[in-house]
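Inspection log for the structure reproduced underneath, given as structure tokens.
In this text, all values refer to a predicted model and were calculated from it rather than measured experimentally.
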Amino acid sequence: MFLFGGIEVYIQLREVEETYQTEEACALALFRAKWPSGFRCPICAHPDYYLIRTRQHPLFECRHCTHQTSLIAGTIMECTRTPLCKWFQAMQLMSLGVSATELMERICVTYKTAWLINHKLRHAMMHANGRVLLAAHIHIQNDMYTGSPYLSSLVPHEKDQPIIAGAEMDDEGKVEKIVMRQVGRGFCRSRFPDRAAGEHFATQHVASNPISVVITPRPSKQYCVALALMCRQAFRWLSATFRGIGAKHLQAYLDEFCYRTNLSAGKRELMDNLPALCAQTITITYRQLTRRKPFSHPAGDFHTPQRIANGRAVA
């Protein structure tokens, strides 16, 4: 039995297991997350339906156009054979940054299934974090993941993974909201991303009419200590929980950290948001995840979530 973070977390997990221990309870929770205002046919938006229970997951047949849609169709759980109760338990465990090995033992699935569930949930978080806009007082600066600390800061290393981090700060200088992005080598004149990377980041993640935007590439006397400590916290979490992450999936893990951090700062529980996010995000397949190419740092580019075409996620 795992005790992630102490007795309070253990009690919270037990409550979730008791709440979502039946498929009926999870199906109802997913229905409310997918259609918060009541059922709407995806074809004609008609609100009335016939309920069909002859399959593993409920089918809803529109009374107007007779179109049938599954409860998990169009969600991150589409085509899954894993019980919904295990998905909801995984959502709660993701609030702790759980590894696939720990998730496998906790919800009693194979490692492949646990790995796929973890990455599908991160895929939903990537799309949510990609829409985050920073406002008010903003600080943007560069950082480095997996780079050797023994090399000069002016000498690039083959395992360096440049990062641009942006934060929305409160009046006391504390981080309220954070976004992290992998950076293309075209933005790195030395070992670290230059000011152009910060300016490019601002065009994507800064809201209109901010009070102030400070971009401080290294070296700088205006370097934001609070944001730097937040990056160190993310890197320590990656090392302690996953023993390090390569360039291929790094952005997904960074988005998981940012998503969880932003929700914590907003004082909202993950279980109130992740089910709704999963219900509104198109799934990604195991084949797409395993065949994803490592982020190759093209000039002038950030790592961005996968595009959506014809109702499917594509590279």
More than 12 heavy atoms from other groups under 6.0 Å of NE2 on His64: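 No, not enclosed.
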Do [X] and [Y] come close enough that some side-chain heavy atom pair is under 4.5 Å?
X	Y	result
Pro42	Thr69	yes
Gln141	Ile215	no
Glu61	His67	no

Could you tell me whether [X] sits above the aromatic face of [Y], with NZ or CZ closer than 6.0 angstrom to the six-membered ring centre and within 45 degrees of the axis?
X	Y	answer
Arg232	Trp237	no
Arg122	Tyr253	yes
Arg63	Tyr50	yes

For the [atom1] atom of [X] and the [atom2] atom of [Y], what is their distance to the nearest 0.5 Å?
X	Y	atom1	atom2	result
Arg131	Gln204	CZ	CD	14.5 Å
Thr285	Arg291	OG1	CZ	9.5 Å
Asp143	Ile164	CG	CD1	9.0 Å
Leu103	Ile107	CG	CD1	4.0 Å
Thr82	Ile117	OG1	CD1	4.5 Å
Tyr145	Cys231	OH	SG	12.5 Å

Side chain to side chain donor-acceptor pair (under 3.5 Å) partner of Asp255, the single match among Arg260, His127, Arg181: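 Exactly one pass, corresponding to Arg181.
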Side chain to side chain donor-acceptor pair (under 3.5 Å), paired with Thr283, selected from His123, Lys120, Glu78, Gln288: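 Checked His123, Lys120, Glu78, Gln288 against Thr283; only one passes side chain to side chain donor-acceptor pair (under 3.5 Å): Lys120.
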Single-linkage hydrophobic cluster Leu30~Leu51, side-chain heavy atoms < 4.5 angstrom: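 Yes, one cluster joins them.
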Cluster overlap Leu116 with Tyr111, hydrophobic side-chain contacts below 4.5 Å: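 Hydrophobic grouping puts Leu116 with Tyr111.
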Residue pair Ser212 / His137, side-chain donor-acceptor N/O under 3.5 Å: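 The answer is yes; a qualifying pair exists.
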Minimum heavy-atom distance between Arg40 and Trp35, given as atom pair plus value: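 Heavy-atom minimum between the residues: O-NE1, 3.5 Å.
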Nearest atoms (heavy-atom pairs only) where Ala136 meets Pro210: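 Here Ala136 and Pro210 meet closest at O-CB, 3.6 Å.
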Between [X] (side chain) and [Y] (backbone), is there a donor-acceptor pair under 3.5 Å?
X	Y	value
Lys177	Met169	no
Lys34	Pro275	no
Thr203	His200	yes

Whether His249 and Trp115 hold their rings parallel, tilted or perpendicular, with breakpoints at 30° and 60°: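 Perpendicular: the ring planes of His249 and Trp115 meet at over 60°.
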Close aromatic pair by centroid cut-off 6.0 Å: Phe31 and Phe39: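 No, they do not, as the ring centres are separated by 6.0 Å or more.
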Ion pair Arg106/Glu102, N-O distance below 4.0 Å: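 Looking at Glu102 together with Arg106, the answer is no, because their closest N to O distance does not fall below 4.0 Å.
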